[in-house]
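Remarks on the structure that follows.
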There are 2 protein chains.
Amino acid sequence: MSPHRPRLLAPIHRVAGLDYDVLDELLGYSLRRAQVALFLAFRDAARGSDLTPPRFTALVIIGANPGLSQSVLGQVLGIARSGAKLMTDYLEGRGWVERRRRNGDARAWGLYLTRRGQQFLERVKARVLDYDYRVVRKITLKERKELLRLLEKLSR
Amino acid sequence: MSPHRPRLLAPIHRVAGLDYDVLDELLGYSLRRAQVALFLAFRDAARGSDLTPPRFTALVIIGANPGLSQSVLGQVLGIARSGAKLMTDYLEGRGWVERRRRNGDARAWGLYLTRRGQQFLERVKARVLDYDYRVVRKITLKERKELLRLLEKLSR
DNA sequence: TATTGTTATACTCTATAACTATA
DNA sequence: TATAGTTATAGAGTATAACAATA
């Protein structure tokens with residue numbers, strides 16, 4: 001992904017008594033609104049950890065694909081190489097990720113979670129999942145599965 | 001809304017051969033991915049017009065609620081008053097919106113679409129709707145309604 | 001030549017805080 | 001005192017372009 005981007009610091013609430021016209025009919029806008037709700041859940045789950053959605057995504061991806069390069073990380077996040085570099089610097093600075101030289105190609109780094117990064121990710125992953133499901137308790141589990149299915153079809 | 005924010009300049013495609021781990025299970029991440037797809041549709045619909053999702057939202061809201069104040073516009077967009085001011089400046093600069101003094105309260109502006117703004121919005125609204133539905137042709141109309149229903153429940 | 005990472009720079013959007021003029 | 005809008009300033013995140021090292 002890329003701009004997980006709800007830079008949102010404050011919740012967005014529908015302003016009462018206002019006509020939202022065609023916005024209510026647009027899937028793009030509805031997704032936006034729903035995403036804000038999920039972002040707020042994420043923020044609760046990650047509170048006190050300095051973790052943002054892109055950072056979380058990066059950790060998960062590195063954890064599941066040890067040794068991947070910064071360029072590939074950038075592709076996943078949808079950002080330029082320069083941005084992937086800064087992201088990696090941050091994760092490394094927090095002691096969660098380390099760069100190792102790869103055999104075979106001395107240009108690229110291989111990215112790996114540190115022991116500490118693994119432990120941290122373990123905990124935060126559980127929390128994020130928990131909150132994600134919690135927000136979604138507004139719908140049934142069956143509806144959740146249906147929703148995931150439809151979203152998947154859309155983004156393909 | 002607020003940060004409709006996919007600042008996205010390039011499409012995001014799932015990187016082949018990579019393990020996305022728990023991300024596939026998270027509604028937050030799935031929403032993100034789907035939103036990118038809809039954002040790209042929006043960008044096509046609005047190409048050449050310098051319109052972004054927040055700007056589009058602002059025009060629609062002003063069009064449907066003539067005379068609203070900058071503060072309320074800010075609430076809808078989920079941004080601070082200072083940002084609502086800059087947004088209004090932009091829309092005014094494009095000749096789409098005008099500020100009029102309100103009777104009764106000399107502090108606040110009332111925002112209105114200009115004739116030109118109305119015409120422009122008319123056209124772009126049709127295009128955006130068209131593209132929104134087009135992307136969503138990947139799902140049936142019945143599925144679309146179900147999706148909207150579920151998203152609505154989430155963001156409430 | 002093409003690719004990976006790096007560096008420097010600039011831009012966009014947003015937040016915060018202080019200010020003014022009204023209410 | 002509180003509110004609407006304004007102004008100035010700063011920060012985060014990203015893009016672009018040029019560069020070095022390596023392929």
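All chains are named by letter (A, B, ...) in the order of the sequence lines, taking the proteins before the strands, and each is independently numbered beginning at 1. Note that the structure is predicted; figures quoted are calculated from it, not measured.
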So how far off straight is the helix from C:dT1-D:dA23 to C:dA23-D:dT1, going by the axes through five pairs at either end, to 10°?
0°
So A:Leu154 and A:Leu27, do their side chains get closer than 4.5 Å, heavy atoms only?
yes
Among residues at least two apart in sequence or on other chains, which ones pass salt bridge (Lys or Arg N to Asp or Glu O under 4.0 Å) with A:Glu146?
A:Arg149
Looking for any heavy atom pair under 4.0 Å, which part of the strands does B:Ala80 touch: base, sugar-phosphate only, or nothing?
base
Starting from C1' on D:dT7, measure out to CD on B:Gln70 and report it in whole angstrom.
13 Å
Can you name the side chain to side chain contact (heavy atoms under 4.5 Å, CB included) partners of A:Ala64, sequence neighbours left out?
B:Asp19, B:Asp21
Interatomic distance where CD belongs to A:Glu92 and C1' belongs to C:dG5 [whole Å]
13 Å
Please report the distance, rounded to the nearest Å, between CZ in A:Arg81 and C1' in C:dA2.
11 Å
Does any residue of residues 82-91 of chain A have a heavy atom under 4.0 Å from DNA chain D, and if so, which ones, in number order?
A:Ser82, A:Leu86
Under 4.0 Å between a side-chain N/O of B:Arg55 and OP1 or OP2 of C:dC13, yes or no?
yes
In chain order, what residues pass the side chain to side chain contact (heavy atoms under 4.5 Å, CB included) check against A:Arg137, with sequence neighbours excluded?
A:Arg134
I need the full list of ring pair (Phe, Tyr, Trp, His ring centres under 6.0 Å) pairs touching residues 98-156 of chain B, with sequence neighbours left out, sorted by first then second residue.
B:Trp96-B:Phe120
Given DNA chain D, 5'-ward residue of the pair B:Ser71 and A:Thr52, judged by closest heavy atom:
B:Ser71
Determine which pairs satisfy ring pair (Phe, Tyr, Trp, His ring centres under 6.0 Å) with at least one residue from residues 55-82 of chain B, sequence neighbours left out, and list them in order.
B:Phe42-B:Phe56
Restricting to salt bridge (Lys or Arg N to Asp or Glu O under 4.0 Å), what partner residues turn up for A:Arg101, sequence neighbours left out?
none
Under 3.5 Å, which donor-acceptor pairs link side chains of residues 84-92 of chain B to any protein atom two or more places apart or in another chain?
from: B:Lys85; atom 1: NZ; to: B:Asp89; atom 2: OD2; distance (Å): 2.8
from: B:Thr88; atom 1: OG1; to: B:Ala84; atom 2: O; distance (Å): 2.7
from: B:Asp89; atom 1: OD1; to: B:Arg99; atom 2: NH2; distance (Å): 2.2
from: B:Tyr90; atom 1: OH; to: B:Asp50; atom 2: O; distance (Å): 3.2
from: B:Tyr90; atom 1: OH; to: B:Asp50; atom 2: OD2; distance (Å): 2.9
from: B:Tyr90; atom 1: OH; to: B:Arg55; atom 2: NH1; distance (Å): 3.4
from: B:Tyr90; atom 1: OH; to: B:Arg94; atom 2: NH1; distance (Å): 3.2
from: B:Glu92; atom 1: OE1; to: B:Arg99; atom 2: NH2; distance (Å): 3.4

Whole Å only: how far is the CG atom of A:Leu68 from the P atom of C:dT3?
18 Å
Please state whether the phosphate of C:dT6, meaning OP1 or OP2, lies under 4.0 angstrom from any side-chain nitrogen or oxygen of A:Arg99.
yes
Residues forming a salt bridge (Lys or Arg N to Asp or Glu O under 4.0 Å) with B:Asp44, sequence neighbours excluded
none
So which protein N/O to nucleotides 20-23 of chain C N/O distances come out below 3.5 Å?
from: C:dA23; atom 1: OP1; to: B:Ala106; atom 2: N; distance (Å): 2.8

Give me the atom names and distance for the closest heavy-atom approach of B:Gln75 to A:Val15.
CB-CG2, 3.8 Å
Please state how far atom CD1 in B:Ile79 lies from atom C1' in D:dG5, giving the value in whole angstrom units.
13 Å
Set of residues satisfying salt bridge (Lys or Arg N to Asp or Glu O under 4.0 Å) with respect to A:Arg100, sequence neighbours excluded:
A:Glu98
Rounded distance (Å) that lies between atom P of D:dG5 and atom CD of B:Gln75
10 Å
